[in-house]
Amino acid sequence: MILFQILTALGTASSLFLVAAGLTVIFGVTRVVNFAHGSLYMLGAYVGWVVLSHLPQTIFGFTLGCLVTAAIIGVLGVLIEICILRRLYRVPELYQLLATFGVVLIAGNVVQLLWGTRVVTLPRAAWMQATISVSGHPFPVYSVVMMVVGPLVLLALWLLFSRTRWGALVRAATEDREMVGALGIRQNILFTTVFGLGAALAGLSGALSLPQVAATSQMALSAVSDAFVIVVIGGLGSVTGAFLASVLIAVLQTFGAIIIPQYVMVAVFSVMAVVLVLRPNGLLGRAGKGGRAMGDLPKLVEGATKLVIGLGVIAFIAAALVPAFDTGYVLSIMQDALIAMLFAASLHFVMGPGGMPSFGHAAWFGIGAYGAALSASSWNLPMSESIVFGVVTASILAALVGSFMIRLSGIYLAMLTFAFAQVIWALATQMTGFTGGDNGILNLWPDGVFASPTAFYALVLALCAGGVLVLRRVLFSPFGFALRATRDASARAAASGIPVGPVRHVAFTISGGFAALSGGLFAFAKGSVFPTYINVSHSIDALIIVLLGGIQTMAAPVVGALVYTGLRDYLQAATTIWPMLLGIAIIVIVSLFPQGIGGAAEHWWARLGSRAKSKGG
Amino acid sequence: MGFTRRHLMAASAASLAVPYVARAASRDPILIGEVNSYAAFPTFTMPYRNAMVMAVEEINSKGGVSGRPLKLITKDDGANPQDAIRAATELVRSDRVNVLAGGFLSNVGLALSSFAKHSNTLYVASEALANELTWQDGNANTFRLTPSIYMLVAMMIDDAAKLPATKWATVAPNYSYGTSAVKTFQKLLKAKRPDVTFVAEQWPTLDQINASATVAALAAAEPDGIFNATFASDLVAFVRQGNTTGLFKNRSVVSLLTGEPEYLDSLGSDTPDGWIVTGYPSAAYTAPGNEAFVTMYKNHFKDDPDWGAVIGYTLIHSIAAGVGRSKGLSLAELEQGFAGVTFPTPFGQCQYRAIDHQSTLGAFVGKLAKKGGKGTMVDFRYVDGASVLPPDSVVEKLRPKS
């Protein structure tokens, strides 16, 4: 029976590897975190379904169909690279992630429109249902096929990268882009072909999955999150590492299903966190040089101009006057926007000036919300005290976890925060007796003097505007400058006596505390707490807000929160194709304003100023 | 897609036209604000909305409710409770709806129920299955149409208890719906059959099942019976792997929701024979009420109705009946009107029970079979929801005292 389980695990490992391979290839060369990889996999499944339905159900027909599908998705990848990503290589790499997230939204919606709303299944030919006997149990032939295809793809990729001229150029470009460019090689073509290859692999794996699973419009997100886990464990850019990681995860899933069926997911993310703590670059990853083409170093942010201060004061007065006109829906929308603003500001604090990107910031939001909800419901604490309890709990946890986090940087740090958030999410979902599971904790409405909507709104306005200002003030304090020094030149910062680790650690803790404050307020604004507050999409929301606002702009969270929440609420209320429109809007904004909206505004303002000066002179 | 903006316009046009005919005391429409996962779970929600629009047209063409037309406003909940509450806030505070309705996900249903209580609004949950909605977390403002997880499991339990199987394994998605279904099944089966044991539990992640691992683990436990609560894409992957490796051979399987057309359609030629399931046989059920409903739906949307369509259609009729029985539109009056009201369904009259505000709408229990490469339900029977609910003394203890 053990042999049977091992073979099962190996079959699963191959499927996992095929999805992850394309992602790691793309990242290794272009440094693009392709969030749309899962969507390409999904499109591979749907396109594969169409193609395979028109071909004979033989092994030959199936192979041909899978290759055709891979080619189609490869071409699609090329188009995405040329039309969207090529414009974005010069901007901070997170903006490319944002653009690919736009593609995710569009792809999901397009699939729904084209293929309708039901799951799509490929009828299985007899050979797909055949079995062989393994220690007396029937074992699917198709799993054996997958077991062979995985290593074959690994071999093919290895040959391609190590034995062809194209592969040599790609490896050279990975090492040093500028040098390859200086030698007269057109990087654009290299990047486009690599992206096409990665997309083709996603398409291939999508088509190959059809005999085993159904195609659904929801498969994209789970595929990409699985692939991220594997790519990060294996080491970004390492194909062999991805293969090893796939085997590790598959073994964990297969044997975990027998030993700890209810905690398999927690185990997977815990293993990822442990790997990252012990080997910050993954199993086979090499230390990143941090040498990304970012252009100039971000300029030292200066204090707000009188204009910005004026606009801020006007906005605050306008926000304060809202209750005079409407105590219903507008008030609640404003409340949501204010809370989103504080949440985003806390992320901006670590990510922008702190240089520590987080894909799991919702963890702190969630801990704040659950801390408040649990203390309110089990100890009957009044609202204000329970929110404080949530903030304190989150700060302590952030201080503890932070010591592991701050040792990493860039995408690895982002993925460790992601793993941590997933563990917290899984615990919130699964510790039903404690957290109420998915059904959440209900009936937490503001009490005492804050019971009226207006009073609670005043509290939210005060704490959120106040919180944003405090965070801003900290960034202009000596501590804030020290933090920015650790981001821009950590060696020099250390040499000039700045304790780099502790500074980053404190920043991480402060950020967690403020995120928890926004979470606590949100719990009482919505009257309930659910694991959805912690899930990936909530972390992504905050990320989008900061990036849209402009990561190097102090006003980013405020501008971004208003634009993003406003846009989404409007579209969601107006149409059912809101995901597609939102995706298009994100891509357009990123393409037009690669520094974020705030960054673009600053830029224009500066140009306007210099033009006025030159005219005057 | 059956639903278009034109249908909505037609519905509102009808609702505008009717009052001139009816000339009732007030011509203002009765507003129903509905919140659901339209973008995320269209498989269920599109036929559901189609059927709601159809029911609104039907009622308005017959003069509305107490002379007033119905008007339906639907909002997307983004498949999460926080967006659902935002949508509900808009409906209640800005659109000033008279009745709040909707909810496919259990957590959305629970969030809306809590919001309804806070904002003094009446809420009718449509498809949220959590037992807690009308029991442990029940409140006076909340009514629920669909049979709960407990009721669905209880409908199948006699059939399960008659099976020879004594060693059972369970497989369910790892979230509240799944845990609640498994717990209920284990408890009810143990009560009928003290000799059964449960030898394995599998908890795949929702929408991310690793079917080979799950099936291998179940096979390793060598059960005689399997209780399944997975659905949608997880179900397809599970059934395919199980069929291939012979997991279901010589084993009895009892499976929740699998007979609903929404899920059964996706199994196609993989549909396993003989599983005992809950669901809805759609056009195959030829009782007059259902036949009329199927014909009407087909005339409108050129398709057989799914379970979602039954729920959408019945939801509107139940709200019409509840409002019609109320003296006015204040919360207290609506609550009185809804508690104990009977309303028409394709399967006969049902009722919102006064004791826990759960409707007595039932579901079908039958066996799976393959016909022409497609899955169907055979040997099915309609089980009245009232017949599987626990005695009042038990229900009273479950509801919070307030």
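Lettering follows sequence order; numbering is per chain, from 1. These numbers come from the heavy atoms of this one structure, side chains and all, not from hydrogens, waters or symmetry mates.
- Highest contact tally toward chain A, considering only Gln202(B), Arg86(B), Lys75(B), is held by Arg86(B) [criterion: heavy-atom pairs under 4.5 Å].
- Of the inter-residue distances, the one linking Asp95(B) atom CG with Tyr329(A) atom OH reads 9.0 Å to the nearest 0.5 angstrom.
- For Ala87(B), no part lies near chain A; criterion is any non-hydrogen pair under 4.5 Å.
- With respect to chain A, the highest number of heavy-atom pairs below 4.5 Å among Ala217(B), Pro42(B), Ala237(B) belongs to Pro42(B).
- We find the CG-CG distance between Asn439(A) and Asn107(B) to be 7.0 Å, quoted to the nearest 0.5 Å.
- Contact of Glu132(B) with chain A is made through the side chain alone, with heavy-atom distances under 4.5 Å.
- Between Asn243(B) and Arg124(A), some side-chain heavy-atom pair lies under the 4.5 Å cut-off.
- When each of Thr12(A), Leu7(A), Leu10(A) is tested with Ser212(B) by the rule side-chain contact (heavy atoms from CB on, under 4.5 Å), just one qualifies, namely Thr12(A).
- Looking at Asn443(A), both its backbone and its side chain come within 4.5 Å of chain B, counting heavy atoms on both sides.
- Heavy atoms of other residues, nucleotides or ligands lying less than 6.0 angstrom from NZ of Lys370(B) number more than 12.
- By number of non-hydrogen pairs under 4.5 angstrom with chain A, the leading residue of Gly268(B), Ala211(B), Pro81(B), Gly373(B) is Pro81(B).
- Closest heavy-atom contact between Thr244(B) and Ala130(A): CG2-O, 4.0 Å.
- Interface remark: Asp226(A) contributes side-chain atoms only to the contact with chain B (heavy atom separation under 4.5 Å).
- Interface remark: of the candidates Ser94(B), Ser180(B), Ser114(B), Ala213(B), Ser114(B) forms the most heavy-atom pairs closer than 4.5 Å to chain A.
- Of the atoms belonging to Ser528(A), it is side-chain heavy atoms, and not backbone ones, that fall under 4.5 Å from chain B.
- Only the side chain of Ile333(A) comes within less than 4.5 Å of a heavy atom of chain B; its backbone N, CA, C and O stay farther away.
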*asked:* Could you walk me through whether Gln218(A) and Ser233(B) satisfy the side-chain hydrogen bond (donor to acceptor under 3.5 Å, both in side chains) test, starting with their C-alpha distance in whole Å, then the side-chain angles of each, then the deciding distance to 0.1 Å, before giving a yes or no?
replied: CA-CA 9 Å; Gln218(A) 280 115 53; Ser233(B) 58; 5.9 Å; no
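- Separation of atoms OG1 (Thr245(B)) and CZ (Phe4(A)) is listed at 6.0 Å; rounding is to 0.5 Å.
- When heavy atoms are compared at a cutoff of 4.5 Å, Ser537(A) does not approach chain B at all.
- Residue contact with chain B, scored on non-hydrogen atoms closer than 4.5 Å, involves the backbone and the side chain of Gln262(A) alike.
- Heavy-atom distances place no part of Pro173(B) under 4.5 Å from chain A, backbone and side chain included.
- By number of non-hydrogen pairs under 4.5 angstrom with chain A, the leading residue of Asp265(B), Leu133(B), Asp137(B) is Asp265(B).
- The two atoms that bring Ser222(A) and Gln208(B) nearest to each other are CB-CG, 3.0 Å, heavy atoms only.
- Options Asp234(B), Asp83(B), Asn139(B), Asn80(B) differ in how many heavy-atom pairs under 4.5 Å they form with chain A, and the most are formed by Asp83(B).
- The distance from atom CG of Leu110(B) to atom CZ of Phe530(A), rounded to the nearest 0.5 Å, is 6.0 Å.
- Both the backbone and the side chain of Val119(A) come within less than 4.5 Å of a heavy atom of chain B.
- Each of Pro140(A), Gly527(A), Gly436(A) has some count of heavy-atom pairs under 4.5 Å with chain B, and the biggest count is that of Pro140(A).
- When heavy atoms are compared at a cutoff of 4.5 Å, Gln253(A) approaches chain B by way of both its backbone and its side chain.
- Only the side chain of Phe522(A) comes within contact range of chain B, with at least one heavy atom under 4.5 Å from a heavy atom of that chain.
- No side-chain donor-acceptor contact under 3.5 Å links Arg240(B) and Thr121(A).
- Proximity to chain B (any heavy atom under 4.5 Å) is restricted, for Gln430(A), to the side chain, taken from C-beta onward.
- With rounding to the nearest 0.5 angstrom, the CG atom of Asn210(B) is 5.5 Å from the OG1 atom of Thr254(A).
- Using a 4.5 Å cut-off between heavy atoms, Ala426(A) does not touch chain B at all.
- Nearest heavy atom pair, residue Trp578(A) against residue Gly78(B), reads CZ2-CA, 4.3 Å.
- Considering every non-hydrogen atom in both Phe115(B) and Trp445(A), the closest pair reads CA-CZ2, 3.8 Å.
- Going from atom CG of Asn174(B) over to atom OH of Tyr263(A) covers 8.5 Å, rounded to the nearest 0.5 Å.
- Asn535(A) does not touch chain B: none of its heavy atoms, backbone or side chain, sits under 4.5 Å away.
- With a 4.5 Å cut-off on non-hydrogen atoms, Ser113(B) does not touch chain A at all.
- Side-chain contact annotation: Ser176(B) with Asp438(A), donor-acceptor N/O pair under 3.5 Å present.
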